[in-house]
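Data first, discussion second: the structure below is written as structure tokens.
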Amino acid sequence: MSLITFSSSDDAVRAVEADRLCRKIGSVLQRSYPNRRWRVDVSLVGGVARILCPSISERHGYTIHIHNKTVDQIETATRQAGGQILEMFRLSRERGAQGGEERLIRDPRGEVLQALTGI
């Protein structure tokens with residue numbers, strides 16, 4: 001087992017804050033679209049959060065700006081981003097909806113073709 005080390009206490013604090021925000025954004029996505037898988041990456045230094053739905057695409061997602069935003073604004077942007085990802089691939093945004101990803105046409109790497117072509 002390897003240990004995670006930080007070069008300064010500021011880095012450690014930032015990592016904890018980023019983790020907390022990732023969990024918050026993930027929680028909003030799970031409540032809004034509960035039967036989907038979501039991945040969230042946060043860069044506090046960059047001021048962005050990247051939202052992906054891995055069952056659709058591991059490479060194409062949605063970026064929201066989090067710098068100088070309130071929690072309510074981030075939650076609203078998160079719900080919109082999740083819905084936008086689903087709409088982009090013509091998947092249901094209904095709260096209880098699930099599936100549909102299996103009908104998406106994929107390239108040999110498993111990426112959805114609509115993400116690559118913009119269709």
Side-chain angles (χ1 to χ4, degrees):
M1 179 161 112
S2 60
L3 295 175
I4 298 173
T5 59
F6 300 98
S7 57
S8 73
S9 61
D10 289 344
D11 289 343
V13 169
R14 243 190 318 270
V16 169
E17 289 173 0
D19 182 64
R20 187 176 297 126
L21 186 55
C22 272
R23 291 173 188 272
K24 179 68 173 168
I25 290 171
S27 172
V28 170
L29 289 166
Q30 285 300 320
R31 280 194 319 269
S32 300
Y33 311 106
N35 295 318
R36 306 283 182 192
R37 288 183 24 226
W38 297 101
R39 186 177 113 201
V40 179
D41 300 311
V42 169
S43 170
L44 293 177
V45 174
V48 295
R50 181 109 168 110
I51 297 172
L52 298 155
C53 186
S55 58
I56 297 172
S57 176
E58 288 281 350
R59 295 176 46 201
H60 302 281
Y62 203 93
T63 300
I64 59 173
H65 296 274
I66 57 175
H67 187 67
N68 291 333
K69 300 281 197 263
T70 66
V71 172
D72 288 341
Q73 289 171 324
I74 292 172
E75 286 183 7
T76 298
T78 297
R79 277 189 293 280
Q80 291 171 344
Q84 182 66 31
I85 291 169
L86 296 175
E87 283 182 4
M88 194 169 21
F89 296 99
R90 297 187 179 121
L91 297 173
S92 176
R93 290 179 57 171
E94 295 283 325
R95 184 159 164 52
Q98 61 185 8
E101 295 94 334
E102 68 280 354
R103 293 190 314 262
L104 299 173
I105 300 169
R106 299 178 183 272
D107 70 6
R109 295 173 300 173
E111 282 296 313
V112 175
L113 289 178
Q114 288 130 314
L116 302 174
T117 61
I119 296 174

**Asked** So His60 and Met88, side chain to side chain contact (heavy atoms under 4.5 Å, CB included) or not? Walk me through it.
**Response** CA-CA 11 Å; His60 302 281; Met88 194 169 21; over 6 Å; no
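- Across Cys22, Pro54, Cys53, a single residue satisfies side chain to side chain contact (heavy atoms under 4.5 Å, CB included) together with Arg39, and that is Pro54.
- Remark: the Ser27 side chain and the Arg31 side chain contain an N/O donor-acceptor pair separated by less than 3.5 Å.
- Nearest heavy-atom pair across Ile64 and Ile74 is CD1-O, 4.3 Å.
- Residue Leu21 is not grouped with residue Leu52 when hydrophobic side chains (ILVMFWY) are merged at heavy-atom distances under 4.5 angstrom, including chains of intermediate members.
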**Message:** Evaluate Ile66 against Leu44 for side chain to side chain contact (heavy atoms under 4.5 Å, CB included), listing each step before the verdict.
**Reply:** CA-CA 8 Å; Ile66 57 175; Leu44 293 177; 4.1 Å; yes
**Message:** Assess the residue pair Glu87 and Ile85 against the criterion (side chain to side chain contact (heavy atoms under 4.5 Å, CB included)); give the C-alpha distance rounded to whole Å, side-chain angles, the decisive distance to 0.1 Å, and a yes or no.
**Reply:** CA-CA 6 Å; Glu87 283 182 4; Ile85 291 169; over 6 Å; no
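- A chain of hydrophobic side-chain contacts below 4.5 Å, direct or via other Ile, Leu, Val, Met, Phe, Trp or Tyr residues, connects Val40 to Ile56.
- With salt bridges taken as basic N to acidic carboxylate O contacts below 4.0 Å, none links Asp10 and Arg14.
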**Request:** Would you check, one step at a time, whether the test side chain to side chain contact (heavy atoms under 4.5 Å, CB included) holds for Trp38 with Ile51?
**Result:** CA-CA 7 Å; Trp38 297 101; Ile51 297 172; 3.9 Å; yes
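- When every heavy atom of Gly82 is checked against every heavy atom of Leu29, the shortest pair comes out as CA-CD2, 3.9 Å.
- A donor-acceptor contact shorter than 3.5 Å links the side chain of Tyr33 to the backbone of Arg79.
- At least one donor-acceptor pair closer than 3.5 Å links the side chain of Gln30 to the backbone N or O of Arg36.
- Of all heavy-atom pairs between Gly46 and Ser43, the closest is N-OG, 2.9 Å.
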